[in-house]
Structure formats: structure tokens, C-alpha cells
Amino acid sequence: VSGANCGVMHYRALPAGHINHRPATSWGVIEADPPCPWPGLAAYGSDAAERYFGREEEVCRALNQWRSVPLLAVVGPSGVGKSSFVYAGLLPHRAARVPAARPGSRPLAALACVAPVSGDVVVIDQFEECFTLGAAPDEISTFAERLCGWTASGVAVVITLRDDYLARAHALPALREQLPAALFLLAPLDAAALTRVLTIPIQRVGWRFDDPAMVGRMVDEASRAAAALPLLCFAATNLWTLRDPVLRRIPASAERELGG
């Protein structure tokens, strides 16, 4: 079931043969399973702020920095979680509704539906698309000029950018002065933070991992990958499909069943 702005409820049909096992409480009431605590391979969205953990200190530092500058550039390697950091970490503290755009191959067209006024917040996600999808150099320069024009008029702008395109972004005349003060470098999550990513969301819904050692093994394996966050969330989401709804846990057998 999903809600819409008009108040109409939409229902999604379950596939044939699907049985949704739900445990009965001591009062005989059927408890619905909670939604999966992790987003899988997708980025965390603003609606997932209550399930976003592991970067609490960095969120505080970025918010403090963004209060002193109109432009914030969240920069880091691919797969580090830049979009999740912005949408689930920063934006819930700044505004209820935030226009967002990705440059694509036509950056100026991407801004056509964004008309911010002073006090608004705007997200430009994956700024590197300006350079990777074939946009014309003149259009990229104009795109950067427009963003800086917004910041000069009181609009707060946050961009996400892969670190291997930082030099090219800094070479744009409009960004050359603003970018050094705007930089917020996002490093890969360490083992302690990855453990929080796994354990706190499932604890919040009253569930648990049956074997604490399973968490350590998952974190250890994910830590070796460049894109540790999506890899870990993907593995946890797969384990969630094998959960035990009666004991409200992910059993150790789930890891073995998935080949862990």
C-alpha cells in the first residue's frame, strides 16, 4: 500500500503463490512485518532518514559548514554514499521539500524545472555527469554560473561530486573561488560505522541478527570493497528476505543459504 498527495491509496498486487507470514502476538493480533531496514543497492532517500546511521558526526560537521557558506560540495569516491549522505543525512535538517536535479547530458535543461528563490535549498546530484555524458563545455560553464548566481541570491546549494572529477570542476571559472570553501570530503566508512549501518536500523524495528558474528563477517567482507556501503546494504537486504518472522530475527542459516 502506498499513499499519494491526493490522499488516494494505491495497492500493489502480490505475486501468485506469495504468502506473507506474520507472527501473532499474545493478544491474537497479527503484526505486520516492518519494511526492510536497508535500501539495498539504492541510495538512502530523505524518507529513510530514520534508518540512516554511520555518519552522525559527519552530518553535524557538514551542517555547520553549510551554515557558513551558500555552496556545499560533498566530494568522495564512487560508491562511498554521497547521495545518501545528502538526502538522508543533511536535507531532513534543512528543508521539507527540496528541488533536485542531475545534470545529465544537457545540464541547462535539467535546471529548467528548478526555480529557487532566496532561502530555498537545491540539490545537484552527481555533478560529474557534466563531464561524463558529453555536455558541451560552454553549457557546463553556463550551468556552473547559474548555480553560483543562485548562491549569490540567497539560495543554498549542495552538490555531490566524484573525487576524480574535482579538478575539472575547480577549473570552471564560476566555481574556482567558491569550491575551496565548499569542499566537504566524504571518506569510506570504517568498520565501526559499517557495524552501525547494519545493527541500528534492525534494532529500531525490534528485530536482530541471530548470530552477532555474522555482522562482523559481513562488515569485514564489505570493508575490502571500494563501494562498501551499497554492498553491505545489498547483502543485508538479501538476508532480510530469509528472516524469521516468529522470532523477529535474521537466523544464522540465512547467511549459509546465501552462500556466506
Side-chain angles (χ1 to χ4, degrees), residues 18-25 30-63 74 76-93 160 163 184-260:
H18 177 91
I19 301 176
N20 191 12
H21 297 284
R22 294 174 180 174
T25 67
I30 300 300
E31 292 186 351
D33 281 355
C36 181
W38 311 277
L41 289 175
Y44 287 84
S46 296
D47 58 346
E50 293 183 354
R51 294 182 281 128
Y52 183 70
F53 294 93
R55 293 198 184 274
E56 293 84 348
E57 182 181 346
E58 290 157 298
V59 167
C60 290
R61 288 196 288 109
L63 288 171
V74 178
S78 178
V80 78
K82 299 181 293 294
S83 297
S84 296
F85 182 75
V86 169
Y87 284 105
L90 302 184
L91 294 187
H93 298 278
T160 66
D163 55 1
F184 188 88
L185 300 178
L186 204 63
L189 291 164
D190 61 18
L194 289 172
T195 299
R196 291 174 61 79
V197 169
L198 269 186
T199 57
I200 298 182
I202 194 171
Q203 291 169 359
R204 287 288 180 93
V205 296
W207 288 56
R208 61 184 173 88
F209 286 94
D210 189 36
D211 180 10
M214 185 194 315
V215 174
R217 289 190 294 270
M218 293 173 67
V219 167
D220 183 61
E221 184 172 349
S223 297
R224 302 190 195 116
L229 179 62
L231 178 63
L232 189 67
C233 289
F234 179 66
T237 299
N238 285 336
L239 289 171
W240 182 253
T241 66
L242 300 173
R243 64 195 179 276
D244 180 341
V246 176
L247 297 179
R248 301 175 68 84
R249 63 175 185 168
I250 294 179
S253 59
E255 185 183 22
R256 295 190 294 271
E257 188 169 340
L258 292 177

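Nearest heavy-atom pair across G81 and L229 is CA-CD2, 4.0 Å. In plain terms, the two heavy atoms of A88 and G45 that are nearest each other are CB-O, 3.5 Å. Annotation for P230 and L41: closest pair O-CD2, 3.7 Å, computed over non-hydrogen atoms. In terms of heavy-atom proximity, L231 sits nearest to A225 at CD2-CB, 3.6 Å. For the residue pair S46 and Y87, the shortest heavy atom distance occurs at OG-O, 3.0 Å. Closest heavy-atom contact between V205 and P37: CG2-CG, 4.3 Å.
Taking CH2 from W207 and SG from C36, the interatomic distance works out to 10.5 Å, rounded to the nearest 0.5 Å. Atom-to-atom distance recorded for M218:CE and F209:CZ is 5.0 Å, nearest 0.5 angstrom. In this structure, CG in L198 is found 10.0 Å from CE in M214, a value given to the nearest 0.5 Å. Taking CZ of F53 as the reference point, atom CG of L194 lies at 14.5 Å (rounded to 0.5 Å). Summarising the geometry, atom CG belonging to L186 is positioned 10.0 Å from atom CG belonging to D163; distances are rounded to the nearest 0.5 Å. The line from SG of C60 to CG of L90 is 10.0 Å long, rounded to the nearest 0.5 Å.
With a 6.0 Å radius and a threshold of 12 heavy atoms from other residues, nucleotides or ligands, E50 has its CD atom at or below the threshold. No more than 12 heavy atoms of other residues, nucleotides or ligands shown are found within 6.0 angstrom of CD on E221. Annotation: R204, atom CZ; neighbour count of heavy atoms from other residues, nucleotides and ligands within 6.0 Å does not exceed 12.
Considering only heavy atoms from C-beta on, W38 comes within 4.5 Å of Y44 through its side chain.
Between F85 and F184, the ring-plane angle classifies as parallel under the 30° and 60° cut-offs.
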